[in-house]
Amino acid sequence: MPAEWTGPDWASWLLRGLALITVLAVPLYARLARGRSFAIYGSIVLVFSFTGALVTEARLTSWASEAFRPWITGIWTYGACAAGVHLALLVQARLRPVGFRFLVSAPGQAFLAAGFLAGPWQLLLLPLRLGVDAAGWTQVLSWLQWLDLAPFALATASLVTSVRSSAEWVRIPLATDGPEEVERVPVERYRREPPALERPGLRIVQISDPHLGPWQSVVGLRRTLESLLEHDPDLVLLTGDFLTMEGQGTPGALAQALEPLRSVASRCYAIFGNHDHEAPDEVRSALASNDIALLVDAEAVATTPIGPVQLIGADYVRRGRQEHLETLMRRFPRRDDHMRLLMLHDPLGFRGVPLGDVDLTLSGHTHGGQLGLLSLGLDWTVLQRSQWPDHGLFGRGSNRLYVHRGTGFYGFPLRIGVPGETSVLELVPVSR
């Protein structure tokens, strides 16, 4: 049996003191150096995350053996310090060396994510514990103690999913009809190159949501692009959200990361995502320096082995999505004998695409839902019942939508059961 616990020792009090100083000092520094908005953001993140984390630390040390208590408090202290340093340095955000990312950014953001989960989790467990305690089920109460670890175990496990992407071949059949409302439709996924088609398809590499930052380095993105280009795609389509705060604060980094695309620039087209409007000049400059065409509510025609392809690039808008897309489609009507593709960062707008007007819409934005059961071979994610198509292939009439899970992500490492995606898409055209 664990030794009886008599209250926080000096190490736990040190942890609480550091947490209090961080919660007060980091937002104050942010207010003075960056402004009110970031100070409010920092306050919210720290208060909610640290509250959940400290409640969990108190719970764990209340039932852990005496030998393990210093380790628990030590790990929590390291996580809190890393989180505070990471947030403080975001005030003057820039890309950091790999050692800093490994020792500070990764554990700090994981600690914040776990703390965010831990608060609601402890509240959910409270009625269950009270009921079991009132019933006198001592053994059950002992088993429930291990549930205190769940948010931190989940956050730790998510690091594995968050730092890797799944390399896939995705075969997308285009169509002449389909469901009346937006719904998921079958798609073929392969871990290795699929069997050859009788008629050649259009080979596309889609890069979505790379989010250059602590979880996506310049070197890492370059390697991803070089690997994908080995498959000799007919088109390379970049569907937005290139940067994080750290990426925005490092001029020239995105241009350097995208350099592998310069050799196939005539096949590359890009659009803005929502985060790109935070640093539009940096994104424009990075694309232009690599001769990549940026389509902002614009059209391009690409010559491909299967014939001409009409590309429409939609800008990101927060409101009036349907009106925006209807206007864009009227401005650039379908060209005869052309495959017609729409690049649309946010898949929520797919419902506004006029029926029969686009063969395939390519989107990202959702990061695949971030939390789900894809790693277990199931399509379910937390966005399943939301308005957002989360990942994979969807249909509405003859319109098709492919939602890329993203090459990276923004913020907390909470890709849980939903790995990123580095895929080659193979479009199977239909005869008209």
Side-chain angles (χ1 to χ4, degrees), residues 158-172 184-194 201-213 215-217 220-231 233 235-242 244 257-258 260-261 268-271 273 275 341 343-347 350 360-384 388-394 400-411 413-427:
S158 76
L159 293 176
V160 178
T161 310
S162 298
V163 299
R164 72 177 184 88
S165 293
S166 178
E168 302 168 353
W169 283 75
V170 184
R171 181 166 283 170
I172 300 175
R184 194 182 302 278
V185 295
V187 65
E188 299 177 44
R189 290 189 182 274
Y190 300 87
R191 293 295 182 183
R192 297 181 180 179
E193 189 168 352
L202 181 70
R203 186 174 295 180
I204 295 175
V205 160
Q206 181 183 358
I207 300 294
S208 194
D209 305 88
H211 287 299
L212 196 67
W215 300 94
Q216 179 75 270
S217 67
L221 184 53
R222 287 177 66 96
R223 286 175 179 166
T224 296
L225 295 175
E226 289 165 356
S227 174
L228 288 169
L229 291 180
E230 291 177 359
H231 299 294
L235 292 172
V236 179
L237 305 181
L238 298 92
T239 48
D241 272 7
F242 295 94
T244 59
L258 296 179
L261 298 180
C268 295
Y269 301 87
I271 60 171
H275 286 289
L341 305 180
M343 298 168 65
L344 176 70
H345 178 70
D346 184 353
F350 177 64
L360 179 68
T361 299
L362 295 114
S363 296
H365 187 59
T366 63
H367 303 171
Q370 293 242 159
L371 172 61
L373 301 176
L374 273 68
S375 295
L376 300 179
L378 304 174
D379 284 331
W380 183 89
T381 75
V382 293
L383 293 182
Q384 198 81 11
W388 269 280
D390 48 6
H391 66 91
L393 188 63
F394 295 81
R400 290 294 179 266
L401 163 72
Y402 185 76
V403 185
H404 194 281
R405 298 195 305 272
T407 310
F409 62 94
Y410 199 112
L414 282 181
R415 274 194 181 275
I416 302 172
V418 182
E421 180 175 356
T422 52
S423 57
V424 178
L425 312 181
E426 192 172 29
L427 275 57

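When reading the values below, keep in mind they use all heavy atoms of this one structure, side chains included, and skip hydrogens, waters and symmetry mates.
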Distance-minimising heavy-atom pair for [X] and [Y]:
{"X": "Pro186", "Y": "Leu393", "result": "O-CD2, 3.4 Å"}
{"X": "Pro260", "Y": "Ala257", "result": "CD-O, 3.4 Å"}
{"X": "Gly240", "Y": "Pro210", "result": "O-CD, 3.8 Å"}
{"X": "Arg171", "Y": "Val187", "result": "O-CG2, 3.3 Å"}
{"X": "Gly368", "Y": "Val418", "result": "O-CG1, 3.5 Å"}
{"X": "Ser208", "Y": "Gly364", "result": "OG-CA, 3.2 Å"}

If only atom types and distance count, is the side chain of [X] paired as donor or acceptor with the main-chain N or O of [Y] below 3.5 Å?
{"X": "Ser363", "Y": "Leu344", "answer": "yes"}
{"X": "Thr381", "Y": "Leu383", "answer": "yes"}
{"X": "Thr244", "Y": "Leu212", "answer": "yes"}

Answer yes or no: does atom CH2 of Trp380 have more than 12 heavy-atom neighbours from other residues, nucleotides or ligands under 6.0 Å? yes
Can you measure from [atom1] ([X]) to [atom2] ([Y]) and round to the nearest 0.5 angstrom?
{"X": "Thr239", "Y": "Tyr402", "atom1": "OG1", "atom2": "OH", "value": "10.5 Å"}
{"X": "Cys268", "Y": "Leu235", "atom1": "SG", "atom2": "CG", "value": "9.0 Å"}
{"X": "Arg405", "Y": "Thr366", "atom1": "CZ", "atom2": "OG1", "value": "10.0 Å"}
{"X": "Arg415", "Y": "Ser165", "atom1": "CZ", "atom2": "OG", "value": "7.0 Å"}
{"X": "His275", "Y": "Asp241", "atom1": "NE2", "atom2": "CG", "value": "5.0 Å"}
{"X": "Ser166", "Y": "Glu421", "atom1": "OG", "atom2": "CD", "value": "7.5 Å"}

Identify every side-chain donor-acceptor pair in residues 220-229 under 3.5 Å, counting partners at least two apart or on other chains, and give the distances.
from   : atom 1 : to     : atom 2 : distance (Å)
Arg222 : NH1    : Gln256 : O      : 2.7
Arg222 : NH1    : Glu259 : OE1    : 2.8
Thr224 : OG1    : Gly220 : O      : 3.1

Go through the structure and list residues passing ring-ring contact (aromatic ring centres under 6.0 Å, His included) with [X], not counting sequence neighbours.
{"X": "His367", "result": "His211"}
{"X": "His345", "result": "His365"}
{"X": "Phe409", "result": "Trp215"}

Could you check if a side-chain atom of [X] sits within less than 4.5 angstrom of a side-chain atom of [Y], using non-hydrogen atoms only?
{"X": "Val205", "Y": "His231", "value": "no"}
{"X": "Glu188", "Y": "Pro194", "value": "no"}
{"X": "Leu261", "Y": "Leu238", "value": "yes"}

Could you please spell out the steps behind the side-chain contact (heavy atoms from CB on, under 4.5 Å) verdict for Val403 and Phe350? CA-CA 10 Å; Val403 185; Phe350 177 64; over 6 Å; no
With sequence neighbours left out, the residues meeting salt bridge (charged side-chain N to carboxylate O under 4.0 Å, His left out) with Asp390 are Arg184
All salt bridge (charged side-chain N to carboxylate O under 4.0 Å, His left out) counterparts of Arg191, not counting sequence neighbours: Glu168
Salt-bridge criterion met for Glu193 and Arg203 (N-O under 4.0 Å): yes
side-chain contact (heavy atoms from CB on, under 4.5 Å) between Ile207 and Phe242, intermediate numbers included: CA-CA 9 Å; Ile207 300 294; Phe242 295 94; 5.7 Å; no
Check Thr361, Leu360, Leu362 against Arg400 for a side-chain contact (heavy atoms from CB on, under 4.5 Å) and give me the one that passes. Leu360
Name the one of Leu341, Val236, Ile172 that satisfies side-chain contact (heavy atoms from CB on, under 4.5 Å) with Ile204? Leu341
Indicate whether the side chain of Gln216 and that of Thr407 have a donor and an acceptor atom separated by less than 3.5 Å. no
